[in-house]
There are 2 protein chains.
Amino acid sequence: MVTREGRAASVKDVAAAAGVSLGTVSNVLNRPDRVSASTRTRVQEAMAELGFVRNESARQLRAGTSRTLAYVMLDASNPFFTDVAQGIESAAEAADLSLVLCNSGNGAPREEAHLALLQQQRVQGVLVTPVNPESPVLEEVRRRGTPLVIVDRTRDDRSFCSVAVDDRLGGRLAVEHLVDRGHTKVAFIGGPIHLGQVRDRLEGARQAWAAAGLPEDDLVVLATEALDVQEGRNAGQRLSGLPTTRRPTAAFCANDLLALGLLQQAIGSGTRVPEQLAIVGYDDIVFASAAAVPLTSVRQPRQELGRTAAELVLDEATNDAHQHQQVLFTPELVARASTLDG
Amino acid sequence: MVTREGRAASVKDVAAAAGVSLGTVSNVLNRPDRVSASTRTRVQEAMAELGFVRNESARQLRAGTSRTLAYVMLDASNPFFTDVAQGIESAAEAADLSLVLCNSGNGAPREEAHLALLQQQRVQGVLVTPVNPESPVLEEVRRRGTPLVIVDRTRDDRSFCSVAVDDRLGGRLAVEHLVDRGHTKVAFIGGPIHLGQVRDRLEGARQAWAAAGLPEDDLVVLATEALDVQEGRNAGQRLSGLPTTRRPTAAFCANDLLALGLLQQAIGSGTRVPEQLAIVGYDDIVFASAAAVPLTSVRQPRQELGRTAAELVLDEATNDAHQHQQVLFTPELVARASTLDG
DNA sequence: TTGTAGGCGTTATCAA
DNA sequence: TTGATAACGCCTACAA
């Protein structure tokens, strides 16, 4: 397994063991046809014997580039992002690249640390759902030579390729649906409020609200600290605390995790869904339809999002005539029991 | 950003731009205190100017080792594994290592491809939830010098460090609970049946069943092709298809995804849970408690699983006196409405 | 404090 | 078909 104390076997060791030159070993590895069958097997036996493993660092140093793609996820525990990752993976596999996943866990320092390392590793390209799409860090990455595509976000100046879903439209769809069902007092639940996604979905919600001629104040914003199940439960408690007259009859949550938490809290506290509280989520993760009350949600083409992003980053990496483009997919409302009584 | 056409800037380029020697640039990078303040800033300006990024390959080649840990996940879309990954991440961060995630998606070829690449990258250590813990591939990895720890599985010959949860006990707990609730005809739903986990949970279930003196045939095994939500729905259909007299009054599912799918199908087809069908899941993922009928489940210490595994692999990587050990955590039944009527 | 030189493991070129 | 050699970029002795 090792030869000179502690160090892994190298081509040189293999060459010595097989009694050939180092160049021959390299040929066995890279152009086996140029090596006679007998030498080849001898070399291969030596490799097996020594437990030889190609050193990717040396290889990459020589080649100047690697065969991997990376995706820096915003939140690995949100099924939405793992579905996106699956889409990326299928595109990567098709291009014979391997994919490494990193998780920023919604933390800018972690994200930056991952990005720094990925650049140092000279990955072919980076896909990232950034904590903040306007961060100058992203520009730096590209300026230093690593193709970068923004996933599920867009940057205002359009200076990057990005693949996202029309969040304003999604917000409109959600609220139009609620308005159609007769709701005149609705809560928007989401946060941190500065997140592009949250902002856009809220903006869409407000557009639809205004278009319906409803008073601005009756679309109540409940800001959360994160987009997870626990915060959904918390929001539910805040909702329960409101006097009945001021309590919204429906809630539009910025994602399904919040919606599931809210739903759980509502049911636990005896609130009937949708009779007393209708709920719309966002993402249509697999668990939305399996929820206590199947959740109405805004569906996004998750896998396609990932696949498209991967294709864009590969184009940026390999095509000299690459043009940045912002792909915007269209979301779709999936109505289920959480808003459909009777 | 680049200097000699297309190539990224190297220390050499930085040295030239700053008018110093290459060794000085390296010192700025690694021992900044040995460089005078003025030289240092000059060099740093040159780096910024050129968009210099350390070449990790060269660095690693020189150093012989990397600063990253890897986790090859069995199924990135199962929240159980992302929670495990979070535990690993916290340990990695504490040790100042970065973590890369790979997803085998339950496919042996993908797993092998990932493992091969990780070895070539000379990662400090690999954590893996293997498709098959008995695979000789795992031995090969270690024989070639990469520390490897098995997560959420164990290997019969105890030749690896592993961290797992007592699946037999988990199975027993689940079925004892159902027996206590008076069920005398129960379905075990899970598969592929050869998976260690599925096998062990079933075995535990059978032990509890036998211990209760119930006839073997009344613990019906419904084998599934995978452990996901869709297969849970399919299992539900098969269950519905049985004549009422032969239909089990309870189901123990090998994981929560199956249980959620089953629950969804049951509710959709008008089966009352738990009155007509009680359901026990496994893993207690965050969505279990938020389900249509909050799910009784067997909880595993997910984050702790990951953290412990990471610590073991680091020990194997750095401690000469390392001893392989098999850590076995204890699961816990969390009873909720899906089994508790009245 | 700064500069020089050698080597990490791999690949590819060129000569034998 | 095989072998010798240089180069990729970085780090660290060691010398100046």
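Protein chains get the first letters and strands the later ones, always in sequence-line order, with residue 1 at the start of each. Computation of the quantities below employed the complete heavy-atom set of this structure, encompassing side-chain atoms and omitting hydrogens, waters and symmetry-equivalent molecules.
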Show the nearest heavy-atom pair for residues [X] and [Y], with the distance to one decimal.
{"X": "Ile150(B)", "Y": "Pro130(B)", "value": "CG2-CD, 3.8 Å"}
{"X": "Leu61(B)", "Y": "Ala58(A)", "value": "CD1-CB, 3.7 Å"}
{"X": "Arg67(B)", "Y": "Asp96(B)", "value": "NH2-O, 3.4 Å"}

Distance check, rounded to the nearest 0.5 Å: Leu117(B) atom CG versus Thr68(A) atom OG1?
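Rounded to the nearest 0.5 Å, the CG-OG1 separation comes out at 7.0 Å.
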Stretch residues 36-46 of chain B: residues that reach within less than 4.0 Å of DNA chain C through a heavy atom:
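Under 4.0 Å from DNA chain C: Ser36(B), Thr39(B).
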Side chain of Ser10(B) only, heavy atoms from C-beta on: which candidate in dA12(C), dC10(D), dC8(C) is closest?
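Looking only at heavy atoms from C-beta outward on Ser10(B), the closest nucleotide is dC10(D).
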Nearest to the side chain of Ala58(A), which nucleotide is it out of dC8(C), dG9(C), dC10(D)?
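Looking only at side-chain atoms, Ala58(A) lies closest to dG9(C).
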Looking across every strand, which nucleic acid part, if any, lies under 4.0 Å from Arg122(B) by heavy atom: base, sugar-phosphate, or nothing?
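The residue Arg122(B) makes no contact with any strand.
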Tabulate protein N/O versus nucleotide N/O from nucleotides 3-6 of chain C, keeping only pairs under 3.5 Å, one per line.
unit_1, atom_1, unit_2, atom_2, d
dG3(C), OP2, Ser21(B), N, 2.7
dG3(C), OP2, Ser21(B), OG, 3.2
dG3(C), OP2, Thr24(B), OG1, 2.9
dG6(C), N2, Arg62(B), NH1, 3.1

Lys/Arg N to Asp/Glu carboxylate O, Asp157(B) vs Arg155(B), below 4.0 Å:
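Yes, charged N to carboxylate O under 4.0 Å.
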Decide, yes or no, whether a salt bridge links Arg143(B) with Glu140(B) under the criterion of side-chain N to carboxylate O below 4.0 Å.
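A salt bridge is present here (some side-chain N lies under 4.0 Å from a carboxylate O).
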Taking OP1 and OP2 of [N], is either one under 4.0 Å from a side-chain nitrogen or oxygen of [X]?
{"X": "Arg34(A)", "N": "dT1(D)", "value": "no"}
{"X": "Arg59(A)", "N": "dC8(D)", "value": "no"}
{"X": "Asn55(B)", "N": "dC10(D)", "value": "no"}

Does any N or O in the side chain of Thr41(B) come within less than 3.5 Å of the main-chain N or O of Ser38(B), such that one atom is a donor and the other an acceptor?
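Judged by distance alone, yes, a pair lies under 3.5 Å.
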Are any of the side-chain heavy atoms of Ser159(B) and Arg142(B) separated by less than 4.5 Å?
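Side-chain contact under 4.5 Å: yes.
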If I take atom CD in residue Gln120(A) and atom P in nucleotide dC10(D), what distance separates them, rounded to the nearest angstrom?
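Rounded to whole Å, this separation is 10 Å.
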